[in-house]
Amino acid sequence: MNETKRTFWDERAQLNETAGTNDFMLKNMEKELLLRRVKPGASVLDIGCGNGSTLIALAGQLGCTGLGLDFSESMLDLARAAAEAGLDKILAFRHCGVQNLPQDLGLFDCAITERCLINLDSEAEQHTAFSSIMLHLRPGGRYFMIEGSIDGFHRLNEQRALFGLEPIGPPWHNLLFNEEAVRGWASAECVLEEIDSFASTYYLLSRVVYARLAQDSGEPLRYDSPINTIACKLPAHGDYGPTRLWVWRRA
Ligand SMILES: C[S@@+](CC[C@H](N)C(=O)[O-])C[C@H]1O[C@@H](n2cnc3c(N)ncnc32)[C@H](O)[C@@H]1O
C-alpha cells in the first residue's frame with residue numbers, strides 16, 4: 001500500500017462533495033452514465049468508493065444494494081455519514097485496499113471503479129487488481145471500469161497544441177492506462193464488451209476551447225465555467241481526454 005497516496009486521499013476527504021475530484025461536472029457525468037447502465041436492484045461492488053456518492057445514487061434511485069471499499073478511513077467516514085439517511089440498510093462500507101480484496105466479499109451483479117486503479121504504482125499492480133475485481137462478479141456480471149487513458153491525454157494535448165496551449169499531464173498520484181495494454185487484459189473469462197469515451201466532447205470544449213479563451217482573456221480557469229456547464233450536457237464525439245468507461249463481462 002502506498003502511504004503517501006493514502007495520506008493524500010485522507011486529506012482530500014475534507015473537501016467532502018469534491019473529495020474524489022475537483023472536476024465535479026465530470027464526476028456527475030460518470031454518475032449519470034452509471035445510473036443509465038446499472039440495472040435496477042443490482043448488487044454493486046464499488047472499489048475506491050470515496051465519499052460514496054455513486055453508490056448512494058444507485059441505491060436511492062435504482063434500489064441497488066452495495067458494498068463500498070476504500071483504503072482511506074476518512075473517505076469511508078464521509079460515505080457512512082452520507083448513507084445514514086435510510087440507506088445504511090442496503091449499503092455497507094469497508095476498509096480495504098484494492099490490492100488485497102478479501103475472499104469473503106461474495107459475488108456481485110456488477111463492480112464499478114471511478115478513477116481508482118490509476119492510483120496504483122505499476123501496470124502489473126493494475127492488471128492484478130483488475131483480475132481480482134473480475135473474480136467478485138457472478139457469471140454474466142459486468143465491471144464498469146471508469147479509469148484514465150494516457151493515449152487519450154496525448155490526443156487531447158495534440159488538439160491543445162493546435163491552439164497554442166501547453167500540454168497538460170496527469171497528477172503525480174496517477175499512472176494512466178496504456179490502451180493497448182488494457183485490451184490485452186481480455187481473456188475467455190474476462191470479455192471486453194465496449195469502450196465508451198463518454199467525456200470526449202466535454203474534454204475538447206473544457207480543456208481546449210475554454211482553456212484557449214481563458215488564456216486569451218487572462219482569466220483563471222474554473223471547473224464551473226459556462227462552457228463546461230454546456231459541454232457536460234452534449235453527446236460524446238471523438239476519443240479525447242483521459243477518462244473513459246471500459247465495460248467488462250465475466251463469462
Ligand atoms: C479519484 S478518487 C474517486 C472516489 C470515488 N470513486 C468518486 O468517484 O468520487 C479515488 C478513490 O480511490 C481510493 N483509492 C486509491 N487507491 C486505493 C487503493 N489502493 N485501494 C483502495 N482505495 C483506493 C481513494 O481513497 C479515493 O477515495
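Counting from 1, the numbers follow the sequence of the chain as shown. Counting starts at 1 for both ligands and their atoms, following the listed order.
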**Report entry** Which of the ligand 1 atoms, numbered from 1, are nearer than 4.0 Å to a heavy atom of C96
**Finding:** 21 (C)
Query raised in the report: Should the pair H127 and W185 be assigned to parallel (<30°), tilted (30 to 60°) or perpendicular (>60°) ring geometry?
Result: parallel
Query - Note, D239 side chain near Y203 side chain (heavy atom, < 4.5 Å) - result: no
Query raised in the report: Does a side-chain N-to-carboxylate-O contact under 4.0 Å join E147 and R244?
Result: no
**Report entry** Proximity of F71 to ligand 1 by residue part, where a heavy atom lies under 4.0 Å
**Finding:** both
**Report entry** H95 (side chain) donor-acceptor with F71 (main chain) under 3.5 angstrom
**Finding:** yes
Report task. Tell me, please: is D70 in heavy-atom contact with ligand 1, that is, under 4.0 Å? Result -> yes
Query raised in the report: In terms of atom number and element, which parts of ligand 1 are under 4.0 angstrom from non-hydrogen atoms of S72?
Result: 25 (O)
Query raised in the report: Quick one: does L120 get a heavy atom under 4.0 Å from ligand 1?
Result: yes
Report task. Number the atoms of ligand 1 from 1 as they appear, then name those within less than 4.0 Å of a heavy atom of G97, with their elements. Result -> 20 (N), 21 (C)
Query - Residue E114 vicinity, atoms of ligand 1 by number, heavy atom under 4.0 Å - result: 3 (C), 6 (N), 8 (O)
Requested in this report: Could you tell me if any non-hydrogen atom of S53 lies under 4.0 Å from any atom of ligand 1?
Outcome: no
Query - Basic-acidic side-chain contact under 4.0 Å: K31, E114 - result: no
**Report entry** Mode of K5 contact toward ligand 1 - side chain, backbone, both, neither (heavy atoms, under 4.0 Å)
**Finding:** neither
Query raised in the report: With a 4.0 Å heavy-atom cut-off (strictly under), which part of Q99 contacts ligand 1: side chain, backbone, both or neither?
Result: side chain
Query raised in the report: Is any side-chain N of the basic residue among E3 and R6 closer than 4.0 Å to the acidic one's carboxylate O?
Result: yes
Query raised in the report: When you look for heavy atoms under 4.0 Å from ligand 1, do you find them on the side chain of N119, its backbone, both, or neither?
Result: side chain
Query raised in the report: Do N119 and W9 meet the criterion of a side-chain donor-acceptor pair at a distance under 3.5 Å?
Result: yes
**Report entry** Heavy-atom side-chain proximity of L176 to F153 below 4.5 angstrom
**Finding:** yes
Query raised in the report: Are any of the heavy atoms in A19 under 4.0 Å away from ligand 1?
Result: no
Report task. Please identify which atoms of ligand 1 are closer than 4.0 Å to at least one heavy atom of R115. Result -> 1 (C), 3 (C), 7 (C), 8 (O), 10 (C)
Query raised in the report: Hey, is ligand 1 close enough to V98 that some N/O pair sits below 3.5 Å?
Result: yes
Report summary line: Within the 4.0 Å heavy-atom cut-off, what M75 brings close to ligand 1 is side chain
Query - Which residues share a salt bridge (Lys or Arg N to Asp or Glu O under 4.0 Å) with E123, sequence neighbours left out - result: none
Requested in this report: Apply the side-chain contact (heavy atoms from CB on, under 4.5 Å) test between L45 and each candidate in L69, I112, L107; give the one that qualifies.
Outcome: L69
